[in-house]
Amino acid sequence: MIVIKENLAIIQDCIASAARRAGRDPASVSLVAVSKKKSLSAVLEAASAGQNIFGENYLQDAKEKILACPEKLSWHFIGHVQSNKAKAVAELFDMVETVDRLKLARALDKHARNCDRILSVLLQVNIGRDPKKSGVMPEDIEPLLTGISEFTNLRLKGFMTITPFMANPEDVRPFFRRLRRLAEDFQERGFFADLDQVQLSMGMSADFEIAIEEGATLVRVGTALFGPRPV
Ligand SMILES: *Cc1c(COP(=O)(O)O)cnc(C)c1O
């Protein structure tokens, strides 16, 4: 039980150091604790140590935890959203980081409206152009941003990416840099009102410090916080 608390303190130190190395305010980076396949008690342990944003990939598993946790926690959906799950995702989560198609955005908007919620969303960008990965290709971002801007109950906050696996985390750096440049391009062209507010969700246990050096505002860390997951 103590381990999660200790891991959290270590990760927060690493986040702060990486931010300072990059000349950034450590408060500009938030940790998303990825609790997929982890128990309710692990989540509560992290929450009692001050962690308040959690990331989940599997709806059913997440639902039980969300309903059992204090309401003040914030939940990010970070898995692939099947369209028939959009209603439950819109009802349960505060942010959906994995919007990659207009049809899904439309469904999330409709269900958010029906339950009178405003849902924050990120576009998942396939920055490595990996045909096996989900996410919108860079050239398809613009029409999707334009379409989403008309949805009243979605707030588009920025981009998320899952980078290709690299044995050496340093080799992931160019992908992080590319995502940040894309966000800057769209900001310059008026797609995001305020770049200071644009969220970049990138970096996981193996490479979150590099992601922060390259501009991440959200890092999604599971293993380094909660230990290895059951397969
Ligand atoms: C599982 C997962 C993570 C966390 O990965 P770790 O290597 O355990 O830190 C981050 N992002 C997404 C989208 C995931 O599915």
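Remember, it's 1-based here, ligands and their atoms both numbered in the order they're listed.
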Got a donor-acceptor contact below 3.5 angstrom from the [X] side chain to the [Y] backbone?
{"X": "Lys65", "Y": "Ser35", "value": "yes"}
{"X": "Thr217", "Y": "Leu200", "value": "yes"}
{"X": "Arg155", "Y": "Thr152", "value": "yes"}
{"X": "Thr98", "Y": "His80", "value": "no"}

- Ile162, portion touching ligand 1 at heavy-atom distance under 4.0 Å: side chain
- Tell me which part of Lys36 gets within contact of ligand 1: side chain, backbone, both or neither, using heavy atoms under 4.0 Å.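 Near ligand 1, Lys36 shows its side chain, while the N, CA, C and O stay back.
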Protein contact of [atom] - nearest heavy atom, named by residue and atom, plus distance:
{"atom": "atom 3 (C) of ligand 1", "value": "Met204 SD, 3.6 Å"}
{"atom": "atom 8 (O) of ligand 1", "value": "Thr223 OG1, 2.5 Å"}
{"atom": "atom 11 (N) of ligand 1", "value": "Arg220 NE, 2.8 Å"}
{"atom": "atom 9 (O) of ligand 1", "value": "Ser205 OG, 2.5 Å"}

- Note on the structure: Which of Val136, Leu122, Ile127, Leu182 passes side chain to side chain contact (heavy atoms under 4.5 Å, CB included) with Phe159? Answer is Leu182
- Looking only at heavy atoms, which two atoms of His111 and Ala90 are closest? And how far apart?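 Where His111 meets Ala90 most closely, the heavy atoms are CB-CB, 3.8 Å.
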Below 4.0 angstrom from a heavy atom of [X], which ligand 1 atoms are there? Numbered from 1 as shown, please.
{"X": "Asn57", "answer": "14 (C), 15 (O)"}
{"X": "Ile78", "answer": "11 (N), 12 (C), 13 (C), 14 (C)"}
{"X": "Val221", "answer": "9 (O)"}

- Message: As a check for students: among Gly227, Pro228, Ala224, Gly222, identify the option with a heavy atom nearest to atom 4 (C) of ligand 1.
- Response: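 Selected option, by shortest heavy-atom distance: Gly222.
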- Message: Using ring centroids (six-membered ring only for Trp), state whether Trp75 and Phe93 fall under 6.0 Å.
- Response: no
- Task: Under the side-chain contact (heavy atoms from CB on, under 4.5 Å) rule, what do Gln199 and Glu97 come out as? Steps first, then yes or no, please.
- Result: CA-CA 10 Å; Gln199 301 284 328; Glu97 296 200 9; over 6 Å; no
- Please verify whether a non-hydrogen atom of Glu97 lies at under 4.0 Å from ligand 1. no
